[in-house]
Amino acid sequence: MFLDYDTLKLIWWLLVGVLLIGFALTDGFDLGVGMLLPFLGKNDNERRVIINSVGPTWEGNQVWLITAGGAIFAAWPTVYATAFSGLYVALLLVVFALFFRPVGFDYRSKIADPRWRNSWDWALFVGGFVPALVFGITFGNLLQGVPFHFDEILRSTYTGSFFDLLNPFALLAGLVSLSMLVMHGAIYLQLRTEEAVYQRAKRAAAIAALTMITSFALAGLWLGMGIDGFRILSMPPVDAAPNILAKTVEQASGAWLSNYASYPWMLMAPLFGFSGAAGALWLSARDQPGLAFISSGLSLTGVILTAGFSMFPFILPSSTDPNSSLTAWDATSSHLTLSWMFFAAIFFLPLIILYTSWVYRIMGGKVTEKQIQQKKHSVY
Amino acid sequence: MVSETVVELSRFQFALTAMYHFLFVPLTLGLAWLLVIMESVYVITGKQIYKDMTRFWGKLFGINFALGVTTGITLEFQFGTNWAYFSHYVGDIFGVPLAIEGMMAFFLESTFVGLFFFGWDRLTKAQHLVVTFLVALGSNLSALWILIANGWMQNPVGAEFNIETMRMELTSFADLFFNPVAQVKFVHTVAAGYVTGAMFVLAISSYYLLKGRDEAFARRSFAIASAFGLASILSVIILGDESGYELGDVQKAKLAAIEAEWETHEAPAPFTLFGIPNQETQTTDYAIKIPFLLGLIATRSIDEEVEGLKDIIARNEGRIRNGMLAYGALHKLRGGDNSEQTRTLFEQHKKDLGYGLLLKRYTEAVTDASDAQIAEAARNSIPHVAPIFWVFRLMVAAGFIMLFVFAAAFYYCTKRVACHKPWLLKLALFSLPLPWIAIEGGWFVAEYGRQPWVIGGILPTRLATSTLEASDLYFSLAGFIGFYTLLLVIELFLMFKYARLGPSSLHTKRYHFETTGNDTATVLATQPQARE
């Protein structure tokens, strides 16, 4: 086979990261726009401007999430199995909330009744708010470890409850996630709208960016001082067949910071998280939404990588049976599967980025109230 | 061990959400190509009416598409949330087509579908047609990869058990991709989708013709749907699924169940047209049989046997005993006993490991199963015959009625008199539910007929669930039933509203409800359009 097993395991950690970041960068602003919709649009026309700024493209963006799910299934089957079944109620809430988006976008404009339209606006709000919050809470819990273990046939049992997920640190992580996606969405709206909606989006971007910087800093401090990380004591060779129960793991304070000590370049991630958001704040206030959007994107990338780097190689640490923790070395699929999936990914991901960019170019430009009025029967 | 309740509720939830998803997907598959055809005619002839057709049927396509996407999200997550052991045990293989589906197909479809609706003024005619084509291509490629995944559940080829990782692993991507069961399934399923799209357009066009409105618009839609529908229904029937039933042990049991074939007959076997299958006595009461037909359909020959259920059960009993040995050896191997003897024993019987796992239902340890338990496991190694027998016949009946409808519609279209045959138009209108009855029936036969396996011969369904509590399932089921009912009501409401409005919903001022007197579209249709 073309690439070594250990190389592929590392590549797949990166590729899952790429897919999650791709989701945050693209569908992230759709979620943010959904959350802002009822607040930034004061009348039906303004709300239609907001909806149509993402209407033609949100659907493709959501596929980053679907594909990330599929890729986790194929590349890390045990992570997919353990995390999705363990976080059952939380994930179903995400699924239920996501229901509202396809129908919200498509059905809202089909009937003119204000009650109908107002209901869908709030449905779109929920469709943005719940997933953004739950994803943040999930990362907050991953960093603390979640309670699960395996039996001898590798069936996982999760022993926590949904309400255990709602602990203070996780809620803080939820706030990081919410505020960064609202920031991203608000700046996107600045890019695509004008006048009243633009001005309100600018204010929202400032509030969200400040919230994000504060909560991210607090979460970082908390992580460094108050949360025990995980550390591998012994494990089989990295290129061995994945055998989850063959390693020993301990929980230790400060363990999540050890990667930054070993690889100082990883500090770029939190640095981008902060400076990207600060840059976005500054550029947005100076009416440079294009640059602000790029800066906000860098911030999102930095935040997600910060979570990833802190935990690496852990993906899903177990708080009740640390040896059952899942890592990028032992939760992967076979060498052959990783190889095939790698070829598929390096072929299709550039292609996807290429045609997505083309679609954005075609559908680009400001969405105005006049346009909506002219085409009120064909736009969302 | 997971309770029976959790297993049953998980199965119910998967069936509910998959079959609900499948209400929308086939219409997307078929309608997408009909849009490509209509728009191609528009690009070639430049006649405005074909653009209006593309846009109007596209509007209905959009209402349906939204729910297809909505309900697809559920399925993507549900393997992990509810079938965690399945995901661990076969994710190495099953995850591959799912992930590639996302990258190759769903991205394509979803990225361009927005441009289909909003790109009319921003693209040239040819560019827009390419966009429509890519949406159709994406949705069909999507079906291909999903059915490769599903085909592997019926006939798991190209994979092997790995003792160290305690799961199935991929050994050949080519075998997975070219799995004959998957290929046959793909053709049969997408063709059924085309039939659904065609019947949808045919029935709604018939409604306009019966009402005497938007005639030029409806007549052209009717004609395209009848031709496309006839070709599709012929593909569905001729390229039926049967040829896939000779491959794989689970497929054989499914075939025997469809035909309520308890005994193995001398070739060629007769086809049981009707009868009442009795699982207890393993007989079919009051059977009406047509000589030779089953052998011909199932084996495409006159000298191959179609294996009966009793023989399948007897063979499975032997395989269960082998599976016990394999499971016992595996247990020792994983416990650290690496002796040559244990390894050989496992290698010898590992192909029957899945059959050993069937015993987990009766005894956790497997190796201590009694003869009575083994016999019961063997008896339950085939699906319940009666529901499969009946639902299959329902599907086939719906198929043949549709064949008649499309053939008549096509015939009278070529004679140019279809619009003046009220009986035909009424028949077409009332045939609207038939494709859904047939596809849901087909789905049921394929998946219920796979029981007790989730992966044929490899992993029993009741082992495959997540370790959940019944209360988790009640929560999720309540959510699904509540939201899905609400969404269905809203979808049908909009669908009926827009189907009744017809092309007037485009607000072009050319159609019924907007014009007085003459059907101006008739005039327009005959003139090439001036640049808009």
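Residue numbers begin at 1 in each chain, while the letters A, B, ... track the order of the sequences.
Residues I93(B) and T337(A) have side chains not in contact (no heavy-atom distance under 4.5 Å, counting atoms from C-beta outward). Taking the side chain as every heavy atom from C-beta outward, L154(A) and Y89(B) never approach each other to under 4.5 Å. At least one side-chain heavy atom of I490(B) sits under 4.5 Å from a side-chain heavy atom of W120(A). Between S156(A) and H88(B) the shortest side-chain heavy-atom distance does not fall below 4.5 Å. In this structure, T111(B) and Y360(A) have side chains that are not in contact, with every pair of non-hydrogen atoms separated by 4.5 Å or more.
Between chain B and the options Y158(A), F105(A), W64(A), heavy-atom pairs under 4.5 Å are most frequent for W64(A). In terms of non-hydrogen atom pairs under 4.5 Å with chain B, the most contact-rich of N243(A), T78(A), I66(A), N52(A) is I66(A). Most heavy-atom pairs under 4.5 Å with chain B, from the set G104(A), A68(A), P102(A), G55(A): that is P102(A). Among the candidates G70(A), G69(A), A83(A), the residue making the largest number of heavy-atom pairs closer than 4.5 Å to chain B is G70(A). Ranking M363(A), M341(A), K375(A) against chain B, the residue ahead of the rest is M363(A), based on heavy-atom pairs under 4.5 Å. Ranked by non-hydrogen atom pairs under 4.5 Å with chain B, the options V89(A), L87(A), T57(A) are led by V89(A).
The nearest pair of heavy atoms linking A81(A) to S87(B) is CB-CB, 3.8 Å. Closest heavy-atom contact between A345(A) and M103(B): CA-SD, 3.7 Å. When every heavy atom of A464(B) is checked against every heavy atom of R155(A), the shortest pair comes out as N-NH2, 4.4 Å. Contact between D92(B) and P77(A) at its shortest, heavy atoms only, is N-CG, 4.0 Å. The two residues I100(B) and A344(A) have their closest heavy-atom pair at CG1-CB, 4.1 Å. Scanning all heavy atoms of the two residues, the minimum distance from K497(B) to K110(A) falls at CE-O, 3.9 Å.
Proximity to chain A is limited to the side chain of L494(B), based on heavy atoms less than 4.5 angstrom apart. Both the backbone and the side chain of L108(B) come within contact range of chain A, judged by heavy atoms closer than 4.5 Å. Interface residue F483(B): only side-chain heavy atoms are found under 4.5 Å from chain A. Interface residue R122(B): backbone and side-chain heavy atoms are both found under 4.5 Å from chain A. If you measure heavy-atom distances from L468(B) to chain A, the contacts under 4.5 Å come from the side chain alone. With a 4.5 angstrom heavy-atom cutoff, I352(A) touches chain B only via side-chain atoms. Only the side chain of V113(B) has a heavy atom closer than 4.5 Å to any heavy atom of chain A. If you measure heavy-atom distances from D151(A) to chain B, you find no contacts under 4.5 Å at all. Of the atoms belonging to T465(B), heavy atoms from both backbone and side chain fall under 4.5 Å from chain A. Residue F116(B) does not touch chain A at all, counting heavy-atom pairs closer than 4.5 Å.
One distance of note links CD1 of I362(A) with CG of L123(B); it measures 5.0 Å at 0.5 Å rounding. Note that the CZ atom of F73(A) and the CD atom of E76(B) stand 8.5 Å from one another [nearest 0.5 Å]. Here the CZ-OG1 distance, from R101(A) to T70(B), works out to 10.0 Å after rounding to the nearest 0.5 Å. A distance of 4.5 Å separates CD of E491(B) from OH of Y107(A), quoted to the nearest 0.5 Å. Atom OH in Y85(B) sits 11.5 Å away from atom OG1 in T82(A) (nearest 0.5 Å). Taken to the nearest 0.5 Å, the OG1 atom of T467(B) stands 8.0 Å off from the NE2 atom of H149(A).
Ring centroid separation for the pair F84(A) and F79(B) does not come in under the 6.0 Å cut-off. Outside the 6.0 Å centre-distance limit, the rings of F107(B) and F348(A) are not counted as a close aromatic pair. Two rings, from F118(B) and Y380(A), have their centers less than 6.0 Å apart.
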Review point. Are F493(B) and I111(A) close enough, and set up right, to give a side-chain contact (heavy atoms from CB on, under 4.5 Å), and what steps lead you there?
Key: CA-CA 11 Å; F493(B) 169 71; I111(A) 290 175; 3.1 Å; yes

Practice item. Mind running side-chain contact (heavy atoms from CB on, under 4.5 Å) on F77(B) and L92(A) for me, showing each step along the way? Key: CA-CA 9 Å; F77(B) 288 98; L92(A) 278 155; over 6 Å; no

Exercise for review: Kindly indicate, with the supporting measurements, whether the criterion side-chain contact (heavy atoms from CB on, under 4.5 Å) is fulfilled by W340(A) and L176(B).
Suggested key: CA-CA 12 Å; W340(A) 274 101; L176(B) 171 68; over 6 Å; no

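With hydrogens and angles disregarded, no donor-acceptor distance shorter than 3.5 Å links the side chain of Y88(A) to the backbone of S466(B). Judged by distance alone, with hydrogens and angles left aside, the side-chain atoms of T165(B) form no donor-acceptor pair with the main-chain N or O of P242(A) at under 3.5 Å. Panel note: side chain R334(B), backbone I153(A); no donor-acceptor pair is recorded below 3.5 Å.
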